[in-house]
Amino acid sequence: MVNFNDQDFFSSRCVWVNGPVIVGAGPSGLAVGACLKEQGIPFVILEKSDCIASLWQKRTYDRLKLHLPKQFCQLPKFPFPQHYPEYPTKKQFIDYLESYARKFDINPMFNECVQFAKYDKSCKLWRVKTISSSGLEVEYICQWLVVATGENAQKVVPNIEGLKEFGGEVIHACDYKSGEKFSGKKVLVVGCGNSGMEVSLDLCNHNAQPSLVCRSSVHVLPREIFGKSIFELAMFMMKWLPLWLVDKILLILTWFILGNIEKYGLKRPKIGPLELKNTQGKTPVLDIGALERIRSRKINVVPGINKFSCGTVELVTGEKLKIDSVVLATGYRSNVPFWLKESEFFAKNGFPKAPFPNCWKGKYGLYAVGFTRRGLAGASSDAIRIAQDISKVYNEDIMQKKQNFSTHTRCMSTLCVN
């Protein structure tokens with residue numbers, strides 16, 4: 001029964017969902033939807049934007065390609081087209097996701113921004129309140145809640161002294177599309193992850209003069225070794241060897257191919273790339289050409305920032321650089337703590353507390369997909385588990401209802417005869 005003591009319950013239109021509510025229509029949410037469709041389970045997907053995969057469609061740069069081979073990035077039940085290249089482009093991946101939604105007849109509720117979601121113990125149901133772009137409030141009531149907003153839902157903007165007084169253009173990497181408008185300009189790229197490296201390379205290709213801030217250590221690996229994806233090679237070796245040994249082999253091969261990168265200002269972490277990814281979620285950089293530009297000094301690697309002033313940045317070494325623009329390639333974070341009223345399964349950083357592979361299921365019908373720090377392959381694996389788990393309870397409920405109906409029908413028949 002619904003808890004009628006809550007005054008806000010009837011403050012908005014209520015919708016009963018005879019299945020799970022999925023928050024997020026990115027690859028993770030679509031994957032869960034497709035797997036549920038295969039099980040014949042109804043669901044509702046809530047998406048705050050006006051399209052599927054809004055991160056890919058609206059917050060990525062034009063030159064972006066998948067960093068891993070396509071076979072490691074496809075969603076359940078639907079492989080990439082054979083004619084796609086080994087590393088699909090941004091457009092090709094978006095086309096694939098749209099085809100995926102059409103194939104499984106997935107129709108998210110767009111422009112529905114979740115304000116809060118909480119479990120009502122009195123009625124043993126989830127209450128998910130949304131507000132649309134037109135201001136309409138809706139409360140969805142359901143037995144299962146699937147959090148599919150992912151690891152990169154919200155941009156991270158660091159608080160750097162003097163940045164507001166800098167005076168030039170400052171954008172986050174999510175708003176960067178192309179280096180074309182930066183031609184001839186001195187651009188400071190803050191952050192040396194995959195985004196920072198690729199943005200710097202793109203700026204070079206458009207005749208800009210990028211300086212790349214490398215404040216902390218970073219693993220830079222070749223995208224391919226001996227014509228094979230380094231990720232594919234690592235996965236193969238991990239079938240037979242312990243993780244620490246695979247890390248050792250990868251670093252030795254990387255040194256032979258890329259040489260000593262520390263002389264260019266890129267310090268390597270003491271922890272191996274796979275262990276660092278598993279324990280801290282830090283993804284190694286897969287080089288696609290930026291390192292060559294760093295060697296030729298077309299990309300200037302600089303240490304951490306002390307402060308900004310008008311048209312200038314002061315580094316921790318005391319050196320000052322005159323710059324025209326700043327691109328903050330400072331990453332993203334989960335937005336789960338802002339809307340999910342729950343603290344047992346999710347930590348304050350917006351990630352499940354339980355380590356992989358037990359980070360997909362919580363209590364009271366709560367699930368998480370796309371938080372494994374293992375990319376699209378991890379999200380696909382989560383989606384399959386979640387659909388199977390919900391299916392068990394869903395089908396048991398149906399069988400119970402059928403048995404109750406059958407018993408009721410027999411009783412009525414007996415009464416009629418008597």
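Atoms considered below: every heavy atom in the structure, side chains included; atoms not considered: hydrogens, waters and symmetry mates. This chain uses plain numbering: 1 for the first residue, then up along the sequence.
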Please set out all donor-acceptor pairs under 3.5 angstrom arising from side-chain atoms of residues 342-352, sequence neighbours excluded.
| from | atom 1 | to | atom 2 | distance (Å) |
| --- | --- | --- | --- | --- |
| Glu342 | OE1 | Phe345 | N | 3.3 |
| Glu342 | OE1 | Phe346 | N | 3.1 |
| Glu342 | OE2 | Glu344 | N | 3.1 |
| Glu342 | OE2 | Phe345 | N | 2.4 |
| Glu344 | OE2 | Lys363 | NZ | 2.9 |
| Asn349 | OD1 | Phe351 | N | 3.0 |

TODO: Give a yes/no verdict on a cation-pi contact between Lys121 and Tyr119, requiring under 6.0 Å between NZ or CZ and the six-membered ring centre and an angle within 45° of the axis.
DONE: no
TODO: Would you check if the side chain of Trp144 reaches a backbone N or O of Tyr394 as a donor-acceptor pair within less than 3.5 Å?
DONE: no
Open item on the list: Keeping Ser381 on the side-chain end and Ala377 on the backbone end, is there a donor-acceptor pair under 3.5 Å?
Closed with: no
- [ ] Before giving the answer on salt bridge (Lys or Arg N to Asp or Glu O under 4.0 Å), spell out for Glu139 and Arg127 the whole-Å C-alpha distance, their side-chain angles and the decisive distance to 0.1 Å.
- [x] CA-CA 7 Å; Glu139 188 156 21; Arg127 300 169 54 181; 2.9 Å; yes
TODO: Output the distance between atom CG (Leu241) and atom CG (Asp247), rounded to the nearest 0.5 Å.
DONE: 11.5 Å
Open item on the list: I need the Glu180 CD to Asp202 CG distance, nearest 0.5 Å.
Closed with: 10.0 Å
Open item on the list: So does Lys361 get a backbone contact from the side chain of Arg385, meaning a donor-acceptor N/O pair under 3.5 Å?
Closed with: no
Open item on the list: Quick check on side chain to side chain contact (heavy atoms under 4.5 Å, CB included): which of Thr330, Asp175, Leu328 does Lys155 satisfy it with?
Closed with: Asp175
- [ ] Determine whether the side chains of Lys90 and Thr60 contain a donor N or O and an acceptor N or O closer than 3.5 Å.
- [x] yes
- [ ] Check the side chains of Glu198 and His67 for a donor-acceptor pair under 3.5 angstrom, ignoring hydrogens and angles.
- [x] yes
Open item on the list: Applying the side chain to side chain contact (heavy atoms under 4.5 Å, CB included) criterion to Met197, which one of Val189, Ile299, Leu212 satisfies it?
Closed with: Leu212
TODO: Return yes if some donor-acceptor pair links the side-chain N/O of Asp120 with the main-chain N/O of Lys124 below 3.5 Å, else return no.
DONE: no
TODO: Begin with the C-alpha distance, continue with both residues' side-chain angles, and end with the deciding distance and a verdict on side-chain contact (heavy atoms from CB on, under 4.5 Å) for Thr130 and Cys113.
DONE: CA-CA 5 Å; Thr130 69; Cys113 183; over 6 Å; no
TODO: May I ask you to check if Arg223 and Tyr87 form a cation-pi contact, with NZ or CZ under 6.0 angstrom from the six-membered ring centre and within 45° of the axis?
DONE: yes
Task: Modelled atom types, side-chain donor and acceptor of Asp382 and Tyr367, under 3.5 Å - done: no
Task: Side-chain donor or acceptor of Glu47 paired with backbone N/O of Ser49 under 3.5 Å - done: yes
Task: Exam field: side chain Tyr264 to backbone Val301, donor-acceptor pair closer than 3.5 Å - done: no
Task: Ring centres under 6.0 angstrom apart (Phe78, Tyr96) - done: yes
Task: Side-chain touch Cys359/Thr372, heavy atoms, less than 4.5 angstrom - done: yes
Open item on the list: Any salt bridge linking Lys70 with Glu86? Criterion: basic side-chain nitrogen under 4.0 Å from a carboxylate oxygen.
Closed with: no
Open item on the list: Treating Asp389 as the side-chain partner and Lys392 as the backbone partner, does any N or O pair qualify as donor plus acceptor under 3.5 Å?
Closed with: no
Open item on the list: Check whether Asn194 reaches the backbone of Leu286 with its side chain - one donor and one acceptor, N or O, closer than 3.5 Å.
Closed with: yes
Task: Distance (rounded to the nearest 0.5 Å) between Met235 CE and Leu68 CG - done: 9.0 Å
Open item on the list: For the residue pair Arg374 / Asn278, report whether a side-chain donor-acceptor contact shorter than 3.5 Å exists.
Closed with: yes
Task: Atom pair CD1 (Ile249) and CH2 (Trp244), whose distance is rounded to the nearest 0.5 Å - done: 9.0 Å
Open item on the list: Can you confirm whether the side chains of Thr89 and Lys65 place a donor and an acceptor under 3.5 Å from each other?
Closed with: no
Task: Expected output: side-chain Lys177 to main-chain Lys58 donor-acceptor under 3.5 Å - done: yes
TODO: Apply the test salt bridge (Lys or Arg N to Asp or Glu O under 4.0 Å) to residues Glu169 and Lys181: give CA-CA distance (whole Å), side-chain angles for both, the deciding distance (0.1 Å), then the verdict.
DONE: CA-CA 11 Å; Glu169 182 178 15; Lys181 71 174 185 177; 2.8 Å; yes
Open item on the list: Would you say Ser296 and Arg293 are linked by a side-chain donor-acceptor pair, where the criterion is simply a distance under 3.5 Å?
Closed with: no
Open item on the list: How long is the straight-line distance from OG of Ser200 back to CG of Leu291, given to the nearest 0.5 Å?
Closed with: 12.0 Å
Open item on the list: Using only atom types and a distance under 3.5 Å, with no angle test, would you say the side chain of Glu165 pairs donor to acceptor with the backbone of Ser309?
Closed with: no
Open item on the list: Determine whether the aromatic ring centres of residues Tyr332 and His172 are separated by less than 6.0 angstrom.
Closed with: yes
